[in-house]
Protein chains: 2
Amino acid sequence: MAAQRGEGDAVVATPRNPADAEVRERARAIPEAAVARLAVYLRVLSGMVDQGVTTISSEELSSAAGVNSAKLRKDLSYIGSYGTRGVGYDVEVLVSHIERILGLTRKHSVAVVGIGNLGHALANYGGFPSRGFPVAALFDIDPDLTGVPVGGIPVNHIDDIATVCAEREVSIGVIATPPQAAQAVCDRLVSAGVQCILNFAPVVLQVPDNVEVRKVDLAVEMQILSFHVARRADEAAGEVVNGVGVDGVVIRP
Amino acid sequence: MAAQRGEGDAVVATPRNPADAEVRERARAIPEAAVARLAVYLRVLSGMVDQGVTTISSEELSSAAGVNSAKLRKDLSYIGSYGTRGVGYDVEVLVSHIERILGLTRKHSVAVVGIGNLGHALANYGGFPSRGFPVAALFDIDPDLTGVPVGGIPVNHIDDIATVCAEREVSIGVIATPPQAAQAVCDRLVSAGVQCILNFAPVVLQVPDNVEVRKVDLAVEMQILSFHVARRADEAAGEVVNGVGVDGVVIRP
DNA sequence: CTATGTGAACTGATTCACAGCA
DNA sequence: TGCTGTGAATCAGTTCACATAG
């Protein structure tokens, strides 16, 4: 993903518009992990704007975002040099540059498929529209739900995914169905031209290369936490048996 | 491998119970990224058991889990060598070893704090109890909700977090409150002795070192998708201007 | 004299490729 | 022969440390 490994691939030469090309080039080069953090920085910075803060140092911003300052500066360097040495960053400037890089200057309409407990919660979640992700369509397989408004939007039947998504220019599909239905729903979204999918169903979706899938898997999150509980318990047991430092065993935190 | 860099740290010498010590040592050495995938393998394998599959090759399992076979084998090697060369893995054996490593042999009681849209959905989510994570307590700040059963469990007031969590041996706290309340709730959970937190609120929680936090941030997920939409659009623009391959520009998928 | 921006070094994760065992 | 298990090689991500701009 990152870019420019090896020789003989990805050479940029004399593009028509140098400025556009630069943004393009930068965007291509940002590590995936950094993109996720940029979104976090953006939220923290938005809070700063609300508080009337106009300037912020890498130290302050990084601690508010829960990372170290070197990482923050490196992340910001991927999108350009917008700080002032000896001073820090202008909050508004940073906000607008991060928004541009994250593509938040356009609206991204969202469709939620599967109006069960989670689908209801998502349809009513205020955080989406307020951040430029209006929920434009809802779908469910249950015909009794068709036409029923949820969070102000009437539910459509999943058979209408293709037409409704095209009509309302949906660019992000959210799958909140039971696992058995997820792949079929995904296929419909993809053939409706949706290229980004956020999947809450506990299944691994198969999609073509041009579709981006992100998954939120609660069971996996819980199991990762469980692993850490277990590891901690094991370490504690180790301590009791061997004692810290005894036999040369060092327990790292 | 994770452990044992440098000299002078993490040396294991003659522990009392060699088998326990081995599990402990392995668990310590598993990369975080591999832990997340083990949880996915486990789910796929559980499905295989239901279908009556008894043996599976790394190729089959990896494609069902959406990773390549080398990564799968490496991941499994972190937990031990339980395959048969020339044949594959015994599904049940693998399930039980992954469960052991992930600490799923114990029950982990869950408390959900914040019984709004999302909290309701989580309290009713069948995926938790069925996977060994019983929801044992619900909390909200609204006194009108106190005593009201949600998903079969009466809601308690957040003032009772400490006593109720201790009583019901809650080991995982789920924060589904508005962002303003999240840090305070987190602090209460931590002082109640909860060491694992799953945070749905869009804030960076500050916790002591001994507490493990995982976050699910819908806005961040949407923004990552948005970034990819934008990048794709930019690349398409680049293609239109320069044409694929013209000027030596190579667009990678 | 301060805090950014960034090569260089390092740590961690993924992939390769093949030795070794059923 | 076929498939696992794993060192070695590669690649990605993080941290260090300092030159540099204000």
Side-chain angles (χ1 to χ4, degrees), chain A residues 1-10 22 26 28-38 40-41 45 53-91 93-94 97-98 224 252, chain B residues 1-7 9-10 22 26 28-38 40-41 45 54-91 93-94 97-98 224 252:
Chain A
M1 179 152 307
Q4 267 95 333
R5 40 181 180 196
E7 66 279 84
D9 62 356
E22 201 202 308
R26 280 195 196 289
R28 182 116 29 106
I30 303 176
E32 187 76 21
V35 173
R37 288 191 298 266
L38 284 170
V40 174
Y41 305 152
L45 288 166
V53 178
T54 58
T55 294
I56 195 167
S57 70
S58 64
E59 203 60 58
E60 293 168 301
L61 179 51
S62 66
S63 80
V67 302
N68 66 44
S69 64
K71 194 186 282 181
L72 174 105
R73 289 201 303 279
K74 182 62 103 180
D75 287 345
L76 293 183
S77 81
Y78 294 130
I79 67 172
S81 307
Y82 303 114
T84 307
R85 290 171 197 233
V87 179
Y89 302 89
D90 181 284
V91 176
V93 168
L94 219 44
H97 282 292
I98 296 177
I224 295 170
R252 262 193 302 277
Chain B
M1 202 167 290
Q4 267 97 330
R5 47 190 171 189
E7 65 279 85
D9 63 355
E22 202 201 308
R26 279 195 198 288
R28 180 116 31 105
I30 303 176
E32 187 75 23
V35 173
R37 288 191 297 267
L38 284 170
V40 174
Y41 305 153
L45 288 166
T54 58
T55 294
I56 193 168
S57 70
S58 63
E59 203 59 59
E60 293 168 299
L61 179 51
S62 67
S63 79
V67 302
N68 65 45
S69 64
K71 194 186 284 181
L72 174 104
R73 288 201 303 279
K74 182 63 103 179
D75 288 344
L76 293 183
S77 81
Y78 294 130
I79 68 172
S81 307
Y82 303 115
T84 307
R85 290 167 199 237
V87 179
Y89 301 89
D90 181 285
V91 175
V93 169
L94 220 43
H97 282 291
I98 295 177
I224 294 170
R252 261 193 305 276

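All chains are named by letter (A, B, ...) in the order of the sequence lines, taking the proteins before the strands, and each is independently numbered beginning at 1.
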Are any protein N/O atoms closer than 3.5 Å to N/O atoms in nucleotides 19-22 of chain C? If there are, list each pair with its distance.
unit_1  : atom_1 : unit_2   : atom_2 : d
dG20(C) : N3     : Arg85(B) : NH1    : 3.2

**Report entry** Value rounded to 0.5 Å, distance of OG in Ser63(B) from CG in Asn68(B)
**Finding:** 11.0 Å
**Report entry** Under 4.0 angstrom between Ser58(A) side-chain N/O and dT4(C) OP1 or OP2
**Finding:** yes
**Report entry** Contacts of Ser62(A) that satisfy side chain to side chain contact (heavy atoms under 4.5 Å, CB included) - sequence neighbours left out
**Finding:** Glu59(A), Val67(A), Ser69(A), Leu72(A)
**Report entry** Residue pairs fulfilling salt bridge (Lys or Arg N to Asp or Glu O under 4.0 Å) with at least one residue in residues 65-81 of chain A, sequence neighbours excluded
**Finding:** Arg37(A)-Asp75(A)
Query raised in the report: Taking OH from Tyr78(B) and C1' from dT4(D), how many angstroms apart are they, rounded to a whole number?
Result: 15 Å
Query raised in the report: What is the distance, rounded to the nearest whole Å, between atom CD1 of Ile56(B) and atom P of dG2(D)?
Result: 19 Å
Query raised in the report: Are Leu94(B) and Leu61(B) close enough, and set up right, to give a side-chain contact (heavy atoms from CB on, under 4.5 Å), and what steps lead you there?
Result: CA-CA 11 Å; Leu94(B) 220 43; Leu61(B) 179 51; 4.1 Å; yes
**Report entry** Length of the line joining Glu59(B):CD and dG2(D):C1', which is rounded to integer Å
**Finding:** 12 Å
**Report entry** Protein-nucleotide distance (Leu94(A), atom CG; dA3(C), atom C1'), rounded to Å
**Finding:** 14 Å
Query raised in the report: Do you know the tightest heavy-atom contact between Tyr89(B) and Gly83(B)?
Result: CD2-CA, 3.4 Å
**Report entry** Leu45(A) vs Val53(A) side-chain heavy atoms within contact, under 4.5 Å
**Finding:** no
Report task. Specify the separation, in whole Å, of atom OH of Tyr82(A) and atom P of dA21(D). Result -> 18 Å
Requested in this report: In whole angstrom, give the distance that lies between atom CZ of Arg37(B) and atom C1' of dG12(C).
Outcome: 12 Å
Report summary line: Heavy-atom nearest pair, Asp90(B) first then Val93(B), reads OD1-N, 3.0 Å
Report task. Write down the distance between CD1 (Ile79(B)) and C1' (dT6(D)), rounded to a whole number of angstrom. Result -> 15 Å
Query - Interatomic distance where CD1 belongs to Ile30(A) and P belongs to dT14(D) [whole Å] - result: 14 Å
Query raised in the report: Looking at Leu38(A) and Ile98(A), what are the two nearest heavy atoms and their distance?
Result: O-CG2, 3.7 Å
Query raised in the report: Among dA13(C), dT14(D), dT6(D), which nucleotide sits nearest the side chain of Ser81(B)?
Result: dT6(D)
Query raised in the report: How many angstroms lie between CD1 in Ile56(A) and OH in Tyr41(A), if you round to the nearest 0.5 Å?
Result: 12.0 Å
Query - Members of residues 68-76 of chain A that approach DNA chain C, where some heavy atom sits under 4.0 Å away - result: Arg73(A), Lys74(A)
